[in-house]
Visitor: 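Quick one: the structure is below, questions incoming.
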Amino acid sequence: MNAPKKLLFFALVGLSWSCAHYTEPLTPDEALKSFTLSDDRLQVEVFATEPHVLDPVEMVFDEEGNAFVVEMPDYPSKPEDGTLGGAIRLLRDTNQDGRIDSAVVFADNLSEATSVLPWEGGLLVAAAPDILFLKDTTGDYRADIREVLFTGFFANNSEAQITNLHYNVDNWIYASNCGQDGLVKFMRNPKLPTISVKGGDFRFRLDRGQFEIESSTGQFGMSVDDWGNRFFTENSLHIQHAPIAGRYLFRHQFLPSYDVALNISDHDPEMFQQTPAPYWRQERTKRRNEQFAEAKLDRHEYAEDHFTGASGGTFYGGSLLPEEYRGSIFTGEVAGNLIHRDVVQPLSSSPTFVAKRGEKEKTQEFLTSSDPWFRPAQLSVGPNGVLYVIDMYRQHIETPTAIPEDLKEEMDFFNGNKLGRIYQIVPKGAKPTQEAPKLRSKSSAELVALLAHPQQWWRLNAQRLLLEKKDKSVLPAVTDIFLTHSDARARLHAFFVLEGLNALTPNLIKKAITDAQPDLRAYGLIEAEKWPELVPQLIEKTTDPSPKVSFQACLSLGQYKTPAASEALAKALIPHIQDKWYRMGILSSETGASFELIDVLQKEGFFAQMTPDKESFLKDFGHVVRTRNRSGEAQRLALLLGKK
């Protein structure tokens, strides 16, 4: 917003201020008028408001079409008397007019619950320090089963706790941990050792009792695209990607410190907000910049128009919105009172992505609001393809510890904790279906057919329910989809139904490795790791034209300690030496960090002419050698370096 518009904003709202610096809340209908969309073909409608929702931070739809909302009225701090206000509500649209008219408290007395995931007729709930399983077995829409599945997560800061539960196409459930410390225990099998999740995120499989650290460091917001690629949000970095999975990055402890997450935005940090920065932020920024100047630091902080509260990045896998929005990632900015859209594209030269602004958002955001109470903490996509906006609706959204004491005196951080809104974004004139999917009543054959549904919600839920049923009579039909279907997304889901039912064979994996779709080829390589007879296919794919595939082949091949693997990794490194992800990925394995690999490089004349990238690789290789401290290796490295 330019300066004249901001002055006009202050003049218009000044009469309604409850104190010298802050505005009063708007009604839901007034709030609707505050929105501006970049696309005049779309409109914003009210889906739910207080008293049916209070302080919502996430909404998901289960396989029956029930909408569950997580409420967080205790933010930003728990009550001193020990009571817990966190709750999960089941929203009801009894007359099917597209607007919620009643709600049932599914669970309450929750400690800072932030995320839920439908699972086996109930919900998985991220509520630090735990991940819970809640289920209603009596039909009264209230959870009567409450089981702690995992415990030990960080629980001291509600903005950096376990959250963002997502069931992915690979049959793993992923969760963001913001890199926080924690020793996590699986309560269904307490004899298993605890794992440290410090420095990473978390993933688990309840069907196989597996759990492990993941390499990303997301905060609040995770989006998973049609191919299972994960992107995560972290305040000032609104969209990131971690190219190397944790199972590779942590397979030995000798790598130098790397930034495992990559900011893939080509337009950070600027955004186009409509609201002026709140008084406290303006004043704090002014003071900080004065301190920077006094200390003669080359540093400057911005109070507005820069991402500081990015939250809830969500992939749009629906088909209701116009075609150009399919595959977009929408991210709320709670400090800037807006929703940002990214168009994500794979890079042709590296195993990662770039996020660009859409054509309609080169100089504006997808959605902006002139209401400073608008706090789009999360978004959601329903089975009907509607894009939902979960608005926590608070006067203040910042952690109090980050604000100077004198500025906090006139701030009530709980102002608005009896309010909450959920909006839906739809094409003008559209009437999205209100019919419930009722997937639990569908036969196995009907669920198999849904693996080819055009919308992501249906495919993922069909896959999950097929694995829950464990009905192996579907294997011929699923195999046929994998082998013959024209939609690569259907083939991908079929592939992982086969994986989940333990029905993959080397021949099926070979078929995946040669698929026309790069992501499916990469998944085939991951599964090939379990079959030594498929090592030749891993070696062959280190030269695949897709960086996604060749990079995965390098990671997977590193699981094997053979001369052929060392030679293939060395030859794969040569054309990709300029890419730090290839360098890191190859060094992450024992084979890739071996002197056998160095010997091959020497034979290939790799070190005859040094470059900064080759020097970087040698430096990192040297760190591995020094850290693992094996007899004779340091001397061998010194001899190698002496020849350079």
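This structure is a prediction, so every number in the text was calculated from the model and none was measured.
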Visitor: Around atom NZ of Lys362, are there more than 12 heavy atoms of other residues, nucleotides or ligands at under 6.0 Å?
Guide: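 Yes.
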Visitor: How about Asp170 and Arg203: do any of their side-chain heavy atoms sit closer than 4.5 Å?
Guide: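 Touching, per the 4.5 Å side-chain cut-off.
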Visitor: Applying the ring-ring contact (aromatic ring centres under 6.0 Å, His included) test to Phe202, which of Phe153, Tyr174, Trp172 qualifies?
Guide: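 Exactly one pass, corresponding to Phe153.
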Visitor: Main chain of Pro372, side chain of Thr275: is a donor-acceptor contact present, judged purely on distance under 3.5 Å?
Guide: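 No, because the side chain of Thr275 does not come within donor-acceptor range (under 3.5 Å) of the backbone of Pro372.
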Visitor: What do the steps show when you test Glu365 against Arg357 for salt bridge (charged side-chain N to carboxylate O under 4.0 Å, His left out), and what is the final call?
Guide: CA-CA 9 Å; Glu365 300 297 342; Arg357 285 185 173 273; 2.9 Å; yes
Visitor: With Arg142, which of Asp136, Leu134, Val105 fulfils side chain to side chain contact (heavy atoms under 4.5 Å, CB included)?
Guide: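 The passing option is Val105.
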Visitor: If you measure only the distance, is there a donor-acceptor pair under 3.5 Å linking the side chains of Gln240 and Glu234?
Guide: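 Judged by distance alone, the side chains do pair up.
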Visitor: Is Glu30 atom CD crowded by more than 12 heavy atoms from other residues, nucleotides or ligands, each under 6.0 Å away?
Guide: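 Above 12, so yes.
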Visitor: Considering only heavy atoms from C-beta outward, does the side chain of Val474 approach that of Lys469 to under 4.5 Å?
Guide: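 Contact flag for Val474/Lys469 side chains = no.
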Visitor: Do Thr308 and Glu333 come close enough that some side-chain heavy atom pair is under 4.5 Å?
Guide: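 They are in contact (side-chain heavy atoms under 4.5 Å apart), so the answer is yes.
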Visitor: Quick one: CD1 on Ile390 to CG on Asp55, what's the gap to the nearest 0.5 Å?
Guide: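 Spacing of CD1 (Ile390) from CG (Asp55) equals 13.5 Å.
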Visitor: Show your reasoning for whether salt bridge (charged side-chain N to carboxylate O under 4.0 Å, His left out) applies to Glu147 and Lys135.
Guide: CA-CA 9 Å; Glu147 177 189 4; Lys135 187 173 183 177; over 6 Å; no
Visitor: Suppose we call two aromatic rings close when their centres sit under 6.0 Å apart. Are Phe315 and Phe231 close by that rule?
Guide: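 When the ring centroids of Phe315 and Phe231 are compared, they turn out to be at least 6.0 Å apart.
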Visitor: Kindly check if the number of other-residue, nucleotide or ligand heavy atoms within 6.0 Å of NZ (Lys431) is above 12?
Guide: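 Not buried by this count: 12 neighbours or fewer within 6.0 Å.
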Visitor: Which heavy atom of Leu320 sits nearest to which heavy atom of Pro432, and what is that distance?
Guide: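 Heavy atoms only, the tightest pair is CD2-CG, 3.8 Å.
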Visitor: Any chance the side chains of Asp519 and Gln517 put a donor and an acceptor closer than 3.5 Å?
Guide: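 Note: Asp519 and Gln517 side chains meet the donor-acceptor criterion.
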Visitor: Regarding Ser176 and Asn164, is there a side-chain donor-to-acceptor distance under 3.5 Å anywhere?
Guide: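 Ser176 vs Asn164: donor-acceptor pair found between side chains.
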Visitor: Report yes if some heavy atom in the side chain of Tyr523 is under 4.5 Å from a heavy atom in the side chain of Glu499; otherwise report no.
Guide: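 With C-beta onward as the side chain, the pair stays apart.
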Visitor: Decide whether Ser223 and Asp225 meet the rule of one side-chain donor and one side-chain acceptor closer than 3.5 Å.
Guide: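 No - no donor-acceptor pair under 3.5 Å links their side chains.
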Visitor: Just wondering, more than 12 heavy atoms not from Lys356 lying within 6.0 Å of its NZ?
Guide: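 At most 12 heavy atoms, drawn from other residues, nucleotides or ligands, come within 6.0 Å of this atom.
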Visitor: Short question: side chain of Glu361, backbone of Phe366 - any donor-acceptor pair under 3.5 Å?
Guide: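 No.
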Visitor: Does the side chain of His340 come under 3.5 Å of the side chain of His267 through a donor N or O and an acceptor N or O?
Guide: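 Note: His340 and His267 side chains meet the donor-acceptor criterion.
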Visitor: Go through the side-chain N and O atoms of Tyr325 and Asp39 and say whether any donor and acceptor fall under 3.5 Å apart.
Guide: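 Short answer, yes.
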Visitor: Could you go through Arg440 and Glu468, starting from their C-alpha distance and side-chain angles, then the distance that decides it, and tell me whether this counts as salt bridge (charged side-chain N to carboxylate O under 4.0 Å, His left out)?
Guide: CA-CA 11 Å; Arg440 285 204 166 272; Glu468 184 180 317; 2.8 Å; yes
Visitor: Say whether, by atom type as modelled, one donor and one acceptor occur between the side chain of Tyr75 and the main chain of Asn417 under 3.5 angstrom.
Guide: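 No, Tyr75 side chain to Asn417 backbone: no donor-acceptor pair under 3.5 Å.
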Visitor: With distance as the sole criterion, is a donor-acceptor pair present between the side chains of Gln378 and Thr314 under 3.5 Å?
Guide: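 Per modelled atom types, Gln378 and Thr314 side chains form a pair under 3.5 Å.
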Visitor: Using the six-membered ring wherever Trp is involved, compare the ring planes of Phe61 and Tyr388 and label them parallel, tilted or perpendicular (cut-offs 30° and 60°).
Guide: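 It falls in the tilted class, 30° to 60°.
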Visitor: Which residue, Leu466, Asn171, Leu447, forms the side chain to side chain contact (heavy atoms under 4.5 Å, CB included) with Val497?
Guide: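 Only one option passes, and that is Leu466.
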Visitor: Using the benzene-type ring in the case of Trp, are the ring centres of Phe186 and Phe150 under 6.0 Å apart?
Guide: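 That pair passes the under 6.0 Å test.
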Visitor: Using modelled atom types and a 3.5 Å cut-off, is there a donor and acceptor pairing between side-chain atoms of Asn461 and backbone atoms of Leu465?
Guide: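 Here the side-chain-to-backbone pair does not exist.
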Visitor: Identify the heavy atoms of Val334 and Ser311 that sit nearest to each other, and give their distance.
Guide: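 The answer is CG1-CB, 4.2 Å.
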Visitor: Between Gln364 and Ser38, is the side chain to side chain donor-acceptor pair (under 3.5 Å) condition met? List the steps.
Guide: CA-CA 7 Å; Gln364 62 183 323; Ser38 63; 5.3 Å; no
Visitor: Within the 3.5 Å criterion, strictly below it, is a donor on Asn337 or Ser369 matched to an acceptor on the partner's side chain?
Guide: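 Checked: Asn337/Ser369 side chains show no N/O donor-acceptor pair below 3.5 Å.
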Visitor: Does the Asp201 side chain pair with the main chain of Gly218, one donor and one acceptor, at a distance under 3.5 Å?
Guide: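 Yes; judged by distance alone, with no hydrogens or angles, the pair exists.
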Visitor: Considering only heavy atoms from C-beta outward, does the side chain of Leu367 approach that of Phe374 to under 4.5 Å?
Guide: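 In contact.
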Visitor: If you measure from CD on Gln273 to OG1 on Thr368, what distance do you get to the nearest 0.5 Å?
Guide: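 Here the interatomic distance stands at 10.0 Å.
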Visitor: Whether the side chain of Gln219 engages the backbone of Thr233 through a donor-acceptor N/O pair (distance < 3.5 Å, no angle test) should be reported.
Guide: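 Not a single qualifying donor-acceptor pair exists.
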Visitor: Going by atom types only, do Thr27 and Asp29 share a side-chain donor-acceptor pair under 3.5 Å?
Guide: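 Short answer, no.
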Visitor: Any non-hydrogen side-chain atom of Val381 less than 4.5 Å from a side-chain atom of Tyr316?
Guide: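 With C-beta onward as the side chain, the pair touches.
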Visitor: Which residues pass the side-chain hydrogen bond (donor to acceptor under 3.5 Å, both in side chains) test with Arg146, sequence neighbours left out?
Guide: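 Arg146 satisfies side-chain hydrogen bond (donor to acceptor under 3.5 Å, both in side chains) with no residue once adjacent residues are dropped.
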Visitor: Can you name the nearest heavy-atom pair linking Pro437 to Trp458, along with the distance?
Guide: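 Minimum heavy-atom contact is CB-CH2, 3.6 Å.
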Visitor: Mind checking whether Trp227 and Arg489 have side chains closer than 4.5 Å, heavy atoms only?
Guide: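 Touching, per the 4.5 Å side-chain cut-off.
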Visitor: Could you give the distance from CZ (Arg341) to OG1 (Thr331), rounded to the nearest 0.5 Å?
Guide: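 If we round to the nearest 0.5 Å, Arg341:CZ and Thr331:OG1 are 11.5 Å apart.
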Visitor: Looking only at non-hydrogen atoms, find the nearest pair between Ala377 and Phe220 and report the distance.
Guide: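 Scanning both residues completely, I find the closest heavy atoms to be O-CE2, 3.2 Å.
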Visitor: Between CG of Leu501 and CG of Asp207, what distance do you get to the nearest 0.5 Å?
Guide: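 Atom-to-atom, Leu501:CG and Asp207:CG are 9.5 Å apart.
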Visitor: Could you tell me whether a side-chain N or O of Arg375 sits under 3.5 Å from a main-chain N or O of Arg394, the two making a donor and an acceptor?
Guide: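 Yes, because the side chain of Arg375 sits within donor-acceptor range (under 3.5 Å) of the backbone of Arg394.
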Visitor: Run the salt bridge (charged side-chain N to carboxylate O under 4.0 Å, His left out) check on Lys418 and Glu50 step by step: do they pass?
Guide: CA-CA 7 Å; Lys418 301 299 182 186; Glu50 65 275 355; over 6 Å; no
Visitor: Any side-chain heavy atom of Leu321 sitting closer than 4.5 Å to one from Arg326?
Guide: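 They are not in contact (no side-chain heavy atoms under 4.5 Å apart), so the answer is no.
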Visitor: Determine the minimum heavy-atom distance between Val169 and Gln463, stating which atoms define it.
Guide: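 The pair with the smallest heavy-atom distance is O-NE2, 2.9 Å.
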Visitor: Please check: side-chain N/O of Arg459 versus main-chain N/O of His453, any donor-acceptor pairing under 3.5 Å?
Guide: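 Yes, the answer is positive, given that a donor and an acceptor are paired below the 3.5 Å cut-off.
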Visitor: Spell out, as yes or no, whether a donor-acceptor pair under 3.5 Å connects the side chain of Asp144 to the backbone of Thr137.
Guide: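 Yes; judged by distance alone, with no hydrogens or angles, the pair exists.
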Visitor: Report the distance from atom CZ of Phe330 to atom CG of Leu379, rounding to the nearest 0.5 Å.
Guide: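 Phe330 CZ to Leu379 CG: 8.0 Å, rounded to 0.5 Å.
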Visitor: Just by modelled atom types, is the Pro118 backbone N or O under 3.5 Å from a matching donor or acceptor in the Asp62 side chain?
Guide: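 Side chain of Asp62 to backbone of Pro118: no pair is present.
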Visitor: To the nearest 0.5 Å, what is the distance between CG (Leu206) and OH (Tyr167)?
Guide: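 If I round to the nearest 0.5 Å, the distance is 11.0 Å.
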Visitor: Using every non-hydrogen atom in the two residues, find where His485 and Ala452 come nearest and quote the distance to one decimal.
Guide: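 His485 and Ala452 have their closest heavy atoms at NE2-CB, 3.4 Å.
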